[in-house]
Amino acid sequence: MSSYTVISLGAGVQSTTMLLMALHGEFDRIPDCAIFADTGAEPERVYRHLEWLEEVAGRHRFSIYRAKAGNLMEDLRQAASGQRNRIANPPFYVKGGVLEKPEAMGALMRKCTREYKIDCIIRAIRERLLGLRPRQHVLKGTQVEQWIGISLDEAMRVKPSRHKYIFNRWPLIEKEMTRADCLEWLAKNGYPEPPKSACLFCPYHSDAVWQEIKMQSPKEWQQVVELDRAIRTSLPKVRGQVYLHRSLQPLDEVEFNLHHSDNQSRFENECEGMCGV
Ligand code: SF4
């Protein structure tokens with residue numbers, strides 16, 4: 001029987017803490033490697049953090065692989081301009097279009113997480129860890145333990161693996177660690193606080209996150225404003241008007257409400273896989 005252990009790395013607070021704790025020997029074993037599913041659309045600060053983490057891991061002779069299914073930002077731009085006729089949409093907000101009623105509103109079904117993150121990690125496990133070719137069967141007796149960085153306060157996101165040979169494990173929950181505990185552990189060990197990991201244009205952003213991008217990163221703000229305009233009426237197979245912000249207004253016209261409780265990030269309840277971890 002062959003068994004492997006892999007970390008699903010989102011490069012946010014929880015999975016960064018889990019990886020560093022593993023390198024500090026705080027779990028029962030050190031995994032074989034970590035895999036970061038790169039949508040190509042993370043903010044600059046996340047890529048900087050990932051480079052730092054790769055450096056730290058490298059000092060322990062531990063490998064972090066970047067797995068990529070494409071560049072979601074670029075793929076969306078191409079879909080909006082008619083160069084692609086299929087796209088795994090993020091859960092963008094839509095006005096009209098539902099049963100063709102102009103007043104109807106809703107959100108697109110989220111397909112991005114599966115295609116750009118979950119399946120991407122599975123492919124990397126098969127190819128890099130198990131050395132399999134596409135569609136080649138996994139050898140009988142192969143077991144992969146996949147560590148997922150979900151903390152106690154996000155326990156509702158725990159889900160078993162859909163693959164017979166992969167067993168999910170949540171080491172932070174085993175240690176009863178919350179997100180705050182992770183931050184405390186990082187600080188105690190002299191590590192910096194990781195940035196929040198999510199695509200730059202993710203419609204699950206809270207108003208506080210949108211405001212932060214607007215105020216702190218003019219170049220990235222320009223990119224999301226342009227994407228918001230580009231997707232309005234031209235995504236393949238989508239009727240109605242599409243928006244990044246739940247107010248169904250152009251992003252650069254939204255007055256962000258930083259105090260209303262509805263404006264919390266929706267990751268805790270709605271994102272699965274690695275998104276927001
Ligand atoms: S962060 Fe948001 S946009 Fe990116 S893959 Fe996850 S749900 Fe989709």
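We count ligands from 1, going down the list as the structure has it; atoms in each ligand are counted the same way.
- The aromatic rings of Tyr191 and Trp185 sit parallel, their planes meeting at an angle under 30°, below the 60° perpendicular limit.
- For ligand 1, the atoms closer than 4.0 angstrom to any heavy atom of Cys112 are 3 (S), 5 (S), 7 (S), 8 (Fe).
- Residue contact check: Arg110 has heavy atoms under 4.0 Å from atoms 7 (S) of ligand 1.
- Test His245, Lys214, Glu226 against Leu251 for side chain to side chain contact (heavy atoms under 4.5 Å, CB included) and you get one pass: His245.
- Aromatic ring orientation, Trp210 versus Phe256: parallel (interplanar angle below 30°, classes split at 30° and 60°).
- Across the listed options Ala88, Cys199, Pro90, Pro203, Cys199 owns the non-hydrogen atom lying nearest to atom 1 (S) of ligand 1.
- The Thr113 neighbourhood of ligand 1 comprises atoms 6 (Fe), 7 (S), with distances under 4.0 Å to a heavy atom of that residue.
- Taking CZ of Arg169 as the start and CD of Glu145 as the end, the distance is 5.0 Å to the nearest 0.5 Å.
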